[in-house]
**Q** 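Got a structure for you, questions after.
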Amino acid sequence: RLLRLSYVIGIFKALNLLYSSTLADAWMSRPNSNAIFAGQTPLAYLVAGGLPAMQVVRRLLDARRAG
């Protein structure tokens, strides 16, 4: 549970650092063209992929923040 919570908090923080609050709130429910998501929403990807998907999304957002 703690690991999942850590990923959720990390994703939330990264989104709010990268985007305006409006876009950060909507990002999870908008279809995404990134190859990772294959056109589905990030939320659908996370629900289907579980903990490994959370790790992938967290790494993606952290990489965007760094670069």
Side-chain angles (χ1 to χ4, degrees):
R1 289 185 186 189
L2 290 177
L3 188 56
R4 287 178 193 219
L5 183 58
S6 172
Y7 284 137
V8 169
I9 291 170
I11 290 168
F12 175 81
K13 282 177 72 173
L15 285 172
N16 281 284
L17 288 171
L18 287 168
Y19 306 116
S20 68
S21 61
T22 304
L23 183 55
D25 291 343
W27 189 84
M28 291 295 282
S29 60
R30 289 187 175 179
N32 196 305
S33 61
N34 188 300
I36 292 171
F37 304 113
Q40 64 184 340
T41 67
L43 183 59
Y45 175 75
L46 291 176
V47 169
L51 197 58
M54 288 179 175
Q55 183 178 23
V56 168
V57 172
R58 172 99 186 256
R59 285 183 180 172
L60 171 72
L61 294 171
D62 286 346
R64 285 185 182 171
R65 277 188 9 200

**Q** Is there a path of hydrophobic side-chain contacts, each under 4.5 Å between heavy atoms of I, L, V, M, F, W or Y residues, that connects Leu3 with Ile9?
**A** no
**Q** With no hydrogens and no angle check, do the side chains of Arg59 and Tyr7 hold a donor and an acceptor under 3.5 Å apart?
**A** no
**Q** At their closest point, which heavy atom of Pro31 faces which heavy atom of Gly39, and how far apart are they?
**A**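 That would be CB-O, 3.5 Å.
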**Q** Which pairs count as salt bridge (charged side-chain N to carboxylate O under 4.0 Å, His left out) when at least one residue sits in residues 11-22, sequence neighbours excluded?
**A** none
**Q** Is the shortest heavy-atom distance from the side chain of Leu60 to the side chain of Arg64 under 4.5 Å?
**A**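 Result yes, sub-4.5 Å side-chain heavy-atom pair found.
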**Q** Grouping I, L, V, M, F, W and Y whenever their side-chain heavy atoms are under 4.5 Å apart, do Met54 and Leu18 come out in a common cluster?
**A** yes
**Q** Are any of the side-chain heavy atoms of Thr41 and Arg30 separated by less than 4.5 Å?
**A** no
**Q** Decide whether Leu23 and Phe12 are clustered together by the hydrophobic rule: side chain heavy atoms of Ile, Leu, Val, Met, Phe, Trp, Tyr closer than 4.5 Å, transitively.
**A** no
**Q** Just wondering, do Leu43 and Ser29 contact through their side chains at under 4.5 Å, heavy atoms?
**A**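 In short, these two side chains do not touch, never coming nearer than 4.5 Å.
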**Q** Under the criterion side chain to side chain contact (heavy atoms under 4.5 Å, CB included), which of Ile11, Leu15, Val47, Asn32 is the partner of Pro42?
**A**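 Testing Pro42 for a side chain to side chain contact (heavy atoms under 4.5 Å, CB included) against Ile11, Leu15, Val47, Asn32 leaves exactly one candidate, Asn32.
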**Q** Is there a side-chain contact between Val57 and Phe37, using heavy atoms and a 4.5 Å cut-off?
**A**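 Val57 vs Phe37: side chains touch.
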**Q** Please enumerate all residues that pass side-chain contact (heavy atoms from CB on, under 4.5 Å) together with Val56, with sequence neighbours excluded.
**A** Ile36, Tyr45
**Q** Are Trp27 and Leu61 close enough that some pair of their side-chain heavy atoms sits under 4.5 Å apart?
**A** yes
**Q** Could you measure the distance from the OG atom of Ser6 to the CD atom of Gln55? Nearest 0.5 Å is fine.
**A** 10.5 Å
